[in-house]
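See structure below.
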Amino acid sequence: GADEAEIFITPSVVSRQAQKSKETIEYALFKLIIHGMLHSSGLDHETSPRVRKKFDFLQQKLITSIGLGSKLKNLGATTATKRGTDIRRT
C-alpha cells in the first residue's frame, strides 16, 4: 500500500560507510537503517541546506533516542578493511 516502504542496504554500502566514517559495521548498518527510514517518510536531505539540517538533526535524535547507537558504536569488534566488502573480526 501507500504506507509501505522497503529499504535495501547492500553489504558493500555498509562496508564503505563504516570505512568512510571509521565506525563499526554494526553502527554503520544501524545508521543506514535510520537514514532509510527518514527517506521513506518523505524527507530528502538533498533538496536544500535547511532540509539537510533537519534531516541530520532527526537522524541523530533517532539514533540517540533508541539508545542502541552508543552500544553499537563502541563494539569495536568488527571493522571494515580497505578492500571494499571484506569484513574482518578483530
Side-chain angles (χ1 to χ4, degrees):
D3 294 335
E4 296 177 15
E6 293 182 65
I7 300 170
F8 294 92
I9 303 170
T10 65
S12 62
V13 169
V14 176
S15 181
R16 204 168 33 251
Q17 179 65 34
Q19 289 172 26
K20 179 181 171 190
S21 302
K22 296 178 175 55
E23 301 166 339
T24 64
I25 294 293
E26 293 86 354
Y27 187 71
L29 176 60
F30 177 67
K31 272 181 48 178
L32 287 167
I33 291 168
I34 297 296
H35 193 92
M37 289 171 56
L38 288 171
H39 275 294
S40 70
S41 73
L43 285 175
D44 184 0
H45 55 80
E46 296 182 11
T47 57
S48 73
R50 183 182 65 77
V51 175
R52 173 64 179 212
K53 202 171 190 175
K54 180 180 179 179
F55 191 100
D56 290 345
F57 172 79
L58 288 172
Q59 180 173 286
Q60 191 55 48
K61 186 173 181 167
L62 284 169
I63 289 169
T64 303
S65 68
I66 292 171
L68 203 59
S70 61
K71 291 179 183 176
L72 293 177
K73 194 170 194 172
N74 296 321
L75 272 178
T78 308
T79 57
T81 68
K82 292 189 177 194
R83 294 186 317 230
T85 59
D86 291 345
I87 296 172
R88 187 182 298 162
R89 295 236 173 235
T90 55

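Computed over heavy atoms, backbone and side chain alike; hydrogens, waters and symmetry mates excluded.
- For Ser21, the side-chain hydrogen bond (donor to acceptor under 3.5 Å, both in side chains) partners are Gln17, not counting sequence neighbours.
- Residues Ile7 and Gly36 approach most closely at CD1-C, 3.6 Å, considering heavy atoms.
- Contact of the Phe30 side chain with the Glu26 side chain is not registered, since no non-hydrogen atoms from C-beta on lie closer than 4.5 Å.
- The side-chain hydrogen bond (donor to acceptor under 3.5 Å, both in side chains) test applied to Asp44 returns no partner, not counting sequence neighbours.
- The aromatic rings of His39 and Phe55 are tilted relative to each other, their planes meeting at an angle between 30° and 60°.
- Taken to the nearest 0.5 Å, the CD atom of Gln19 stands 7.5 Å off from the CD1 atom of Ile25.
- How far CG of Leu58 is from NE2 of His45: 12.5 Å, rounded to the nearest 0.5 Å.
- To the nearest 0.5 Å, the span separating CG on Leu38 from NE2 on His35 amounts to 7.5 Å.
- With hydrogens and angles ignored, the 3.5 Å screen pairs a side-chain donor or acceptor of Ser40 with a backbone N or O of Met37.
- Rounding to the nearest 0.5 angstrom, the gap separating the CD atom in Glu23 from the CG atom in Leu29 is 11.0 Å.
- Ser15 contributes no side-chain N or O that, together with a main-chain N or O of Pro11, makes up a donor-acceptor pair within less than 3.5 Å.
- To the nearest 0.5 Å, atom CD1 of residue Ile34 and atom NZ of residue Lys61 are 13.5 Å apart.
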